[in-house]
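Okay, structure first, notes after.
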There are 4 protein chains.
Amino acid sequence: MRARTDEAKDLRRQALLDAALDEFAERGFAAARMEDIARRADLSKGTLYLYFESKEDLFKALVDTKAAPRLDEIEALVTEMPSALEALATFAQLAPMLIQRSPVPRLAKIIIGESNQFPEIADFYRRNFIERGMGVIRSVLEQGVERGELEVEDPALTARLIMGPMVLSAVWHVLYGDKPDGRVDLEKLFALHARYLRRALVKREDEPT
Amino acid sequence: MRARTDEAKDLRRQALLDAALDEFAERGFAAARMEDIARRADLSKGTLYLYFESKEDLFKALVDTKAAPRLDEIEALVTEMPSALEALATFAQLAPMLIQRSPVPRLAKIIIGESNQFPEIADFYRRNFIERGMGVIRSVLEQGVERGELEVEDPALTARLIMGPMVLSAVWHVLYGDKPDGRVDLEKLFALHARYLRRALVKREDEPT
Amino acid sequence: MRARTDEAKDLRRQALLDAALDEFAERGFAAARMEDIARRADLSKGTLYLYFESKEDLFKALVDTKAAPRLDEIEALVTEMPSALEALATFAQLAPMLIQRSPVPRLAKIIIGESNQFPEIADFYRRNFIERGMGVIRSVLEQGVERGELEVEDPALTARLIMGPMVLSAVWHVLYGDKPDGRVDLEKLFALHARYLRRALVKREDEPT
Amino acid sequence: MRARTDEAKDLRRQALLDAALDEFAERGFAAARMEDIARRADLSKGTLYLYFESKEDLFKALVDTKAAPRLDEIEALVTEMPSALEALATFAQLAPMLIQRSPVPRLAKIIIGESNQFPEIADFYRRNFIERGMGVIRSVLEQGVERGELEVEDPALTARLIMGPMVLSAVWHVLYGDKPDGRVDLEKLFALHARYLRRALVKREDEPT
DNA sequence: TATGAATGAGTCTTCATTCAT
DNA sequence: GATGAATGAAGACTCATTCAT
């Protein structure tokens with residue numbers, strides 16, 4: 001069947017990108033085979049080359065397409081929160097979904113593996129995803145401090161610490177998510193995280209830093 | 001010069017393993033070239049095959065050799081601590097060194113990239129390194145609770161949260177450690193982490209969980 | 001030109017098998033180069049691997065395809081003969097063709113050379129070709145004895161003796177067939193053989209065994 | 001241990017040639033490994049190169065040494081026979097030993113396999129062994145004819161026919177000699193052969209050719 | 001002399017990419 | 001537009017040969 005309309009083409013393109021995400025995540029960039037990607041999208045090798053010039057081109061298109069997902073939405077959602085504590089709680093609620101349902105962890109895995117082959121992609125990902133995420137957290141913290149809600153020594157480093165369990169969980173999920181003894185209750189984990197953050201960051205009278 | 005004694009051979013073997021660590025970390029298992037590994041150790045391709053039967057054999061030897069480094073020492077050190085807080089502080093002191101000076105982060109990067117090609121290695125690493133690390137933290141926490149020092153809801157999940165910044169920092173270090181704007185002051189980061197942990201976990205009278 | 005239909009593919013496959021027969025016969029299995037085989041069939045190395053998974057696979061396909069040639073026809077032809085003498089004469093007529101025109105001698109040469117690498121192939125060849133041939137001769141002899149035509153002490157051993165000149169001639173042909181001083185008049189040779197067989201095997205009244 | 005005397009050197013040389021015969025016969029020239037040959041002679045690879053310049057040199061030395069065995073003795077023995085029939089009977093007696101105990105069949109196997117790589121060796125073998133053998137038989141036949149003992153149409157072709165079962169048996173022996181169902185009673189076979197030859201070749205009054 | 005560590009040319013095999021159909 | 005047959009560059013691995021010890 002042929003894709004004549006633009007929508008049909010976009011559909012094929014998307015199917016190929018999805019297939020590429022799967023194959024690259026499973027095998028890594030070097031070991032993934034173009035034929036397998038095409039087959040996974042129910043297309044032929046030749047057709048793949050109608051949509052992407054080369055393996056590298058496909059890889060970069062993949063990162064471009066998937067790397068900046070609903071981050072905007074999350075950003076908006078969190079920024080609108082009336083209090084920093086609520087914002088952190090929202091984070092805790094969103095994290096499991098982001099890890100279990102979005103392509104982000106698999107993409108991160110690929111990028112980690114190929115960071116030396118494609119340093120500009122690793123940089124792009126850092127700036128547009130991780131540092132942006134840390135920036136959001138940091139501004140939440142800074143707002144909390146301004147409002148006298150929180151007590152935070154170094155908002156940038158603190159944001160980094162807060163991201164830690166997310167990265168660990170993302171890596172864990174792509175590596176062991178499908179093993180029977182690798183499952184972790186992420187809802188519980190991030191709820192606990194939120195409670196600890198409250199205990200650690202909320203301003204108190206009785207105890208000096 | 002030729003390696004005739006067993007010590008000289010061990011030296012060559014080590015040199016090859018070091019070279020392999022570098023190449024695998026830089027390019028990933030599939031993209032690394034045996035000849036490059038040999039050259040990096042100032043040996044020829046053929047010599048490499050005198051020491052390792054195949055690329056896969058070399059990879060597995062690499063994991064076997066480098067995967068369980070001074071973890072024993074750390075374990076002993078931490079277990080001997082008189083109080084849980086001191087143990088966590090010791091962790092905070094050791095973490096930067098482990099991340100910046102040991103081969104663990106680079107090894108972790110390789111294993112993340114190849115987890116689907118070598119699931120048994122990913123499992124080995126999980127059990128012998130990550131879960132072991134989390135286990136140590138957990139027993140520290142449990143001792144702290146027993147002594148009435150700490151207040152911990154779920155020691156296993158808490159240990160996982162505590163590992164988070166370590167994993168993030170390790171990944172960050174291998175990906176961006178050599179970039180000018182990628183440097184992070186790990187001493188400061190983990191000192192801060194230790195302080196937050198104290199605030200979050202130390203038992204208080206005045207505030208219910 | 002590209003082989004798109006099944007027939008065209010079969011043609012390529014045949015061409016590759018023919019080329020393989022030539023190269024293996026000339027150099028032996030180990031010394032034959034896959035690229036040379038492909039080139040001899042006017043194809044590239046890569047294309048050869050579209051048709052055969054490996055060198056060994058190609059070798060086995062070669063034996064499967066060429067090893068049991070018109071043996072069925074010969075068997076039928078000989079079995080239908082009204083008398084044993086005629087059957088032996090027919091043999092004598094067919095032998096030169098089998099040696100000079102069929103792939104059997106070259107195939108035998110390859111199999112002799114590789115009998116230790118591929119003992120199952122040597123066994124296959126023995127059972128499906130040599131012992132089958134000897135079996136036909138033997139049954140001819142036994143029929144001749146039953147009919148009172150021949151006097152044969154040990155039909156199995158006698159069949160083996162009768163095969164002797166065929167094997168010698170086959171080996172000779174592949175080794176020296178193209179040398180000026182290596183040519184042998186096979187028609188004459190096997191006609192003479194048939195006459196000797198008549199003298200040796202035909203029942204006589206005047207002379208006891 | 002070092003071979004200082006000439007005899008000791010000759011011993012090493014012989015051991016290497018024996019080992020080479022075994023390895024070349026088992027694997028063929030291309031697939032045989034110099035290291036395996038050395039090891040089979042309980043020597044090191046380096047030592048092998050003290051005795052033979054190269055693999056090819058070793059191969060040629062092997063043929064030179066083993067190709068012309070006790071053929072002289074056989075030749076003398078047979079030539080001295082008072083009658084052609086006795087000479088043929090002697091042949092029948094010697095054949096099994098030549099096939100089962102001498103290196104000739106294994107050597108023949110190697111030479112068959114490598115005839116295209118080393119055509120000069122195949123030629124050498126033909127002239128110095130096969131044609132010489134056939135020549136002896138032929139002169140026996142011619143003497144028999146002169147003496148009125150035998151009736152032979154074409155002594156050269158007849159000699160070739162007589163050699164047939166020897167070649168078949170030699171090939172059979174190296175290919176299947178060690179298989180349980182590959183054993184043949186060579187004494188019986190060649191005794192039978194001798195009887196058939198007598199019936200076929202002895203001059204008779206009663207029957208015209 | 002004897003050894004076996006070291007080398008690198010040579011071969012099998014894979015797979016990104018091209019292109020005839 | 002779509003296909004998959006064809007290609008050949010590239011990389012793992014082997015092994016004859018060399019040479020330091």
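Proteins get letters first, then strands, A, B, ... in listed order; numbering begins at 1 in each.
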* Structure fact -> DNA chain E in dot-bracket form (Watson-Crick or G-U pairs under 3.5 Å, [ ] crossing, | inter-strand) is .||||||||||||||||||||
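- Looking at heavy-atom distances under 4.0 Å, C:Tyr51 makes contact with sugar-phosphate atoms alone, never a base.
- With a 6.0 Å radius and a threshold of 12 heavy atoms from other residues, nucleotides or ligands, A:Glu120 has its CD atom above the threshold.
- Contacts between residues 8-20 of chain C and DNA chain F, defined by a heavy-atom separation below 4.0 Å, involve C:Lys9, C:Arg12, listed by number.
- Residue A:Thr47 has a polar side-chain atom (N or O) positioned under 4.0 Å from OP1 or OP2 of F:dT3.
- Legend: salt bridge (Lys or Arg N to Asp or Glu O under 4.0 Å) pairs involving residues 18-32 of chain B, not counting sequence neighbours, sorted by first then second residue: B:Asp18-B:Lys66, B:Asp22-B:Arg40, B:Asp22-B:Arg106, B:Glu23-B:Arg27, B:Glu23-B:Arg40, B:Glu26-B:Arg40.
- Taking atom CG on B:Leu50 and atom C1' on F:dA16, their separation rounds to 14 Å, with Å as the unit.
- Looking at heavy-atom distances under 4.0 Å, C:Arg27 makes no contact with the nucleic acid at all.
- The nearest whole Å value for the distance from the CG atom in D:Leu48 to the C1' atom in E:dT1 is 14 Å.
- Here the CD-CG distance, from D:Glu114 to D:Asn116, works out to 9.0 Å after rounding to the nearest 0.5 Å.
- A cation-pi arrangement, defined by a distance under 6.0 Å to the six-membered ring centre and an angle within 45 degrees of its axis, is present between A:Lys55 and A:Phe29.
- Within the 4.5 Å cutoff, the side chain of A:Phe24 has no heavy atoms near those of the A:Leu107 side chain.
- C:Phe118 CZ to C:Lys60 NZ: the interatomic distance, rounded to the nearest 0.5 Å, is 6.5 Å.
- A:Ser44 has no side-chain polar atom (N or O) that falls below the 4.0 Å cut-off from OP1 or OP2 of F:dA2.
- Ring centroid separation for the pair D:Phe52 and D:Phe59 does not come in under the 6.0 Å cut-off.
- Atom CG of C:Leu58 is separated from atom C1' of E:dT13 by 14 Å (rounded to the nearest Å).
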When the side chains of residues 4-14 of chain B are checked against the rest of the protein, which donor-acceptor pairs come out under 3.5 Å, sequence neighbours left out?
from    : atom 1 : to      : atom 2 : distance (Å)
B:Thr5  : OG1    : B:Ala8  : N      : 3.1
B:Arg12 : NH2    : B:Met1  : O      : 2.6
B:Arg13 : NH1    : B:Tyr51 : O      : 3.3

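- Rounded to a whole Å, the CG atom of C:Asp57 is 15 Å from the P atom of E:dC12.
- Here the closest heavy-atom approach between residue A:Leu16 and residue A:Ala41 is recorded as CD2-CB, 3.7 Å.
- In this structure, CG in B:Leu17 is found 6.0 Å from CG in B:Leu62, a value given to the nearest 0.5 Å.
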* Classify every nucleotide of nucleotides 16-21 of chain E by which part a protein heavy atom approaches to under 4.0 Å, writing B for the base, S for the sugar-phosphate alone and - for neither, in 5'-to-3' order. => SBBBSS
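- Spacing between atom CD of C:Glu23 and atom P of E:dC12 amounts to 11 Å, rounded to whole angstrom units.
- In this structure, the side-chain hydrogen bond (donor to acceptor under 3.5 Å, both in side chains) partners of A:Arg126, at least two apart in sequence or on a different chain, are A:Glu131, B:Asp181.
- One atom, CZ of A:Phe24, and another, P of E:dC15, lie 14 Å apart when rounded to the nearest Å.
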